[in-house]
Amino acid sequence: MSTSQAARGSKPPFWRDLRVIRIVIQVLAIVVVAVLTYVLWFNLTNNMKRAGLSTSFDFLTQPLGVDIAGSDVGPGSPVWKGLLVGIKNTLALVVVGVPLLTILGVVVGVCRLSTNWLVAKLAAIYVEVLRNLPPLLIMFFAFNAIFLRLPRLEDSWNPLGLMVINNRFIAVVGFTAQPGFGPFWLIVGISLLFGAWVWIWRTKRSERTGQTSHRLRWSALLVLACVVVAFLALGQPIGLSFPVLDGRALLGGYQGFAAYFAVLLALVLYTASHVAEIVRGSIQAVPKGQTEAAESLALTSYQRLRFVVFPQAMRIAIPPTISQYLNFTKNTSLAIAIGFAEVTRITFQTIGNGQPAPQLVAMLMASYLLFSLTISLVVNIINRRLRYMTT
Amino acid sequence: MTVMTEQTSQKQAPHGSGPVNWARGNLFNTWYNGLLTVVVGAVAVAAATGLIRALLGFDYTIIRVNLALFMVGQFPRDQLWRPSLATVIIALMAGIVAGSLAASNRDTARQAGLAYVRPNLAQVLRRFGPAWVLLIVLLAFTTTIGPTLVAVGALLGLVVGRALGGR
């Protein structure tokens, strides 16, 4: 219809003109979103004013009112300190859990495709069982059936004097700072930079001359030599502190609470089963011609996997794996059911103590958003470099 | 459901068929595979034994006492014949659907000239293996004859429906 009108040389009426419609719909969308936001915001602040609740963030300096085990935050500490401890605990889970689940997921995913029938079937059983259970149930099981069944504090296991294991915490040997601690780490940093420079030099040399670069052994040996020399020269700036039980207290060493390990175990196992399926799918998505070409080049099965299939498979696997990392981060909020003092639990405890809920929940949402966006950003940088580009 | 491996197919038994040769081809074909089989097999057997021993040792009294609550909630107990009858009728209808699907498959195969193999009883039972395990475990926790009768009635409904739909 518009073509015949255009042929006649006149424009369509404005309610059928595509350019007008586009602009009108966008303006309408903005107006709807703005009105909705204003209505919701007005509703919230109006109701809070009517109920006499404050809309400010002054509560952050109020006393917390509860004790947080494992840190020096007590009932008198300000709220923001308690929230910070919660964020630190959540970060401890995420920073340790994400590498662990990646390794486990890749291993199980590759095992699923093994030629060994037993290994393949066991990997399949692992994936099928753990993928189909709710993570909260796995967490309950890990906490109540595994970590609470460890011996009581009085009868802790003490293998080789290096660890203390009981049902409240697990403690390992820790490191103490002796004189010369600062300069030691300075020298370690400098030697790492040196090692990076050697890496780049050897790579460039290999590109120029075609010889094998041996860059890993050059830079690794260099860094190792520098670190050892610095360690000895500074008179052993790092000391060991052995965990020793003194009555009911622990002296020395690093301890992690049973709830932390339970959450870590449960969520790593759960998320790794998803990552295993992603890895398996991405390995199978590599075109069969690649495998056949690698076979015809007489590469062994391991060389095939490592040099041909895996690099292409990992490119495909990265975007879904990002979602699994985010799932892991958000699932840590389930730890509230076990009593692990991560940020969700501390927020809700603070709300229970009478602090204003809307601001606290908004802060909680903002912190999870921050974690998720950071993880997304970092892994997307890797993704951008590795992703599949069609010329 | 076949598992695709890097190699284009599972190794065929090099010396013929049979369980020993299958094991030679799939579990012990290389030295590291053999080692892996032994180690992983030992761990798996130990884990399975421990799990089964633990599962059998639990005290299941609370499930036995509350099974009716888990299954039908707080439905009035004297009206339970209604959902039971509904289960049998639904099973009958499901059987009819399955039977008519099978009949249409058979007709399509006949028209295309392909052979149509009727699945035998063992194959059908094997396909629904996990469902059988669940049914038997649940029935083991019951205390009256009612649930078993309902289960038998539903199975009969399925079979009769299948026969009816397959004509």
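Chain identifiers are assigned alphabetically (A, B, ...) following the order of the sequence lines, protein sequences preceding nucleic acid strands; residue numbering begins at 1 within each chain.
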Value rounded to 0.5 Å, distance of CG in A/Asn116 from CG in B/Asn33 = 4.5 Å
Just wondering, more than 12 heavy atoms not from [X] lying within 6.0 Å of its [atom1]?
{"X": "B/Phe70", "atom1": "CZ", "result": "yes"}
{"X": "A/Phe141", "atom1": "CZ", "result": "no"}
{"X": "B/Gln74", "atom1": "CD", "result": "no"}

I'd like a table of donor-acceptor pairs (distance under 3.5 Å, sequence neighbours excluded) in which one partner is a side-chain atom from residues 131-143 of chain B, with atom names and distances.
{"residue": "B/Trp132", "atom": "NE1", "partner": "B/Leu125", "partner atom": "O", "Å": "3.2"}
{"residue": "B/Thr142", "atom": "OG1", "partner": "B/Leu139", "partner atom": "O", "Å": "2.6"}

query = A/Leu122 versus chain B, heavy atoms under 4.5 Å apart: side chain, backbone, both or neither?
reply =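 The side chain, not the backbone.
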query = Under 4.5 Å, heavy atom to heavy atom, which residues of residues 39-67 of chain B contact chain A?
reply =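 Interface residues of residues 39-67 of chain B: B/Val40, B/Gly41, B/Ala44.
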message = Which residues in residues 86-115 of chain B have any heavy atom closer than 4.5 Å to a heavy atom of chain A?
response = none
request  = Taking all non-hydrogen atoms of both residues into account, name the closest pair between B/Leu36 and A/Val119 and its distance.
outcome  = CD2-CG2, 3.7 Å
request  = Not counting sequence neighbours, list each pair that qualifies as a salt bridge (charged side-chain N to carboxylate O under 4.0 Å, His left out) and has a residue in residues 151-163 of chain A.
outcome  = A/Arg152-A/Glu154, A/Glu154-A/Arg248
